[in-house]
Number of protein chains: 2
Amino acid sequence: MSHTLGIRQAQKQKTRQAFLDAALALLEEQSLSSLGLREVTRAVGVAPTAFYRHFRSTADLGVALVDEALGSLHPMVRTTVSTTGDSEERIARAVELIDQHVTAFPAHVRFIARERHGGVQPVREAIRDQLARFAAEVKTELANDPEAAGWSDDDLLMLAHLYVDQMLITASLFLEALEAPRAERERVRQRAARQLRLISIGRDHWLDAE
Amino acid sequence: MSHTLGIRQAQKQKTRQAFLDAALALLEEQSLSSLGLREVTRAVGVAPTAFYRHFRSTADLGVALVDEALGSLHPMVRTTVSTTGDSEERIARAVELIDQHVTAFPAHVRFIARERHGGVQPVREAIRDQLARFAAEVKTELANDPEAAGWSDDDLLMLAHLYVDQMLITASLFLEALEAPRAERERVRQRAARQLRLISIGRDHWLDAE
DNA sequence: AATTCCGGAGAACAGTTGTTAACTGGATGA
DNA sequence: TCATCCAGTTAACAACTGTTCTCCGGAATT
């Protein structure tokens, strides 16, 4: 795999990445369904027709952005759920990790939150599929936990989805509070931690009722 | 207050409602930030300039749609949370009510889910404010429950937000499954019910840990 | 009955949009 | 070295956008 990319392909990937970056920046203040092809090429500093060398349409670009925003997130999710330690420690670490991710990639988080229910079908589907993959991975991690003894597959999956949705809600709240005073950010952290704690308690007593 | 609206004002409200209806229909396949003024007037069958007699901009129209979609929902939420009966009955009734609402007003639900994180700031804020009002109302309903004895205000509010967010997630899932086979809809119902059950269990044992 | 009010129409404005076709020039492979 | 490839350019297309100004005709007010 030490095949150095030719000058040509390297240049192509470079401008492709420029398209993704420019689009992500433009999407800070609008939705994908209003993102114009010319708008993006103008931001990149390239002729409008150059767009077609990389994407069929802006919807196509959107799907590529989904991969960029969520594709590299899988290892993080796995390690987050599977970290050992006290339940309280794990919650604190999960919230901390979400916070850091939002701070590091705010535009990615905004894009996913916005387009998850947005006006472009292929993008919605791409996000839905990726989130389903996340849920499946979380489920297998949960299944490895001794606490999961006696749980049905359905119940494990519903808990996994609950965690994934909660993760997204929390990320979105952190995003809104990004430029807010420290006190507000702390409020979000505490509420997210308590909600996770309540879910954790519900999980502990799930089998009590039989 | 028995002042019958003049022919003039009545006609104005009528076309205003026509604007709202047409916009809601057009927003089934796009986001508000890509909704054009002329597009709406064309759908209503009216001159483009007529738009300005009712709204300053499409963002303004969006805020009006938020009021229409969420404004009339408050009594329902109150009664949903405060219905008496077994915990299991209450959960079943809540899920049933969400399902019925989605079936009755799918376009409204879609609009809220889409624009909650959408590209138009004033609309996002309007939705956020309304949802905060919902959470506050749910909180006061929860406080009336004997089960809430010993709960802090902060904890009650975090639980209320958890319920509100869960309601929205569930509504969005019902929306996606609207035209799906009955089996899929039933899957959504069951998962939503179980998630509410887990939250309810967590609520029951919240004070155990001190 | 005369006057004011006002929701909507009409025309025109400069700018924007997506998409097509034919072209250029440097990297690529024979 | 020479022919081929292909990312990006240029030019042009009809169609669309938000907004302004002027006007109309029926309702509302006096």
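Proteins get letters first, then strands, A, B, ... in listed order; numbering begins at 1 in each.
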Checklist entry - Should A:E28 and A:R110 count as an ion pair when the cut-off is N to O under 4.0 Å? => result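 Counted as a salt bridge, because a side-chain N and a carboxylate O are separated by less than 4.0 Å.
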Checklist entry - Can you tell which of C:dA9, D:dT10, C:dT17 lies closest to the side chain of B:V46? => result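 The answer is C:dA9.
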From [atom1] of [X] over to [atom2] of [N], roughly how many Å is that when rounded to an integer?
X	N	atom1	atom2	value
B:L61	D:dG18	CG	P	12 Å
A:K14	C:dG26	NZ	P	17 Å
A:R38	C:dT17	CZ	P	7 Å
A:R42	D:dG8	CZ	C1'	18 Å
A:Y52	C:dA21	OH	P	12 Å
B:F19	C:dG7	CZ	P	12 Å
B:F51	D:dT19	CZ	P	9 Å
A:R53	C:dT20	CZ	C1'	12 Å

Item to check | 5'-most by nearest nucleotide on DNA chain D - A:A50 or B:L37 | outcome: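 Looking at DNA chain D, the more 5' nearest nucleotide goes with A:A50.
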Checklist entry - Going by atom types only, do B:H161 and A:R191 share a side-chain donor-acceptor pair under 3.5 Å? => result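 Side-chain D/A pair, B:H161 to A:R191: present.
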Checklist entry - Looking across every strand, which nucleic acid part, if any, lies under 4.0 Å from A:S57 by heavy atom: base, sugar-phosphate, or nothing? => result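 Here A:S57 touches no strand at all.
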Checklist entry - Which of parallel (below 30°), tilted (30 to 60°) and perpendicular (above 60°) describes B:F55 and B:F19? => result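 Ring orientation of B:F55 relative to B:F19: perpendicular.
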Checklist entry - Shortest non-hydrogen contact from B:L37 to B:P48? => result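 In this case the closest contact between B:L37 and B:P48 is CD2-O, 3.8 Å.
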Item to check | N/O donor-acceptor pair, side chain B:R8 with base C:dC5, under 3.5 angstrom | outcome: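 A donor-acceptor contact between them is present.
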Next on the checklist: Distance criterion of 3.5 Å, no angle test: do you see the side chain of A:T49 paired donor-to-acceptor with the base of C:dT20?
Outcome noted: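 Answer no: no donor N or O sits under 3.5 Å from an acceptor.
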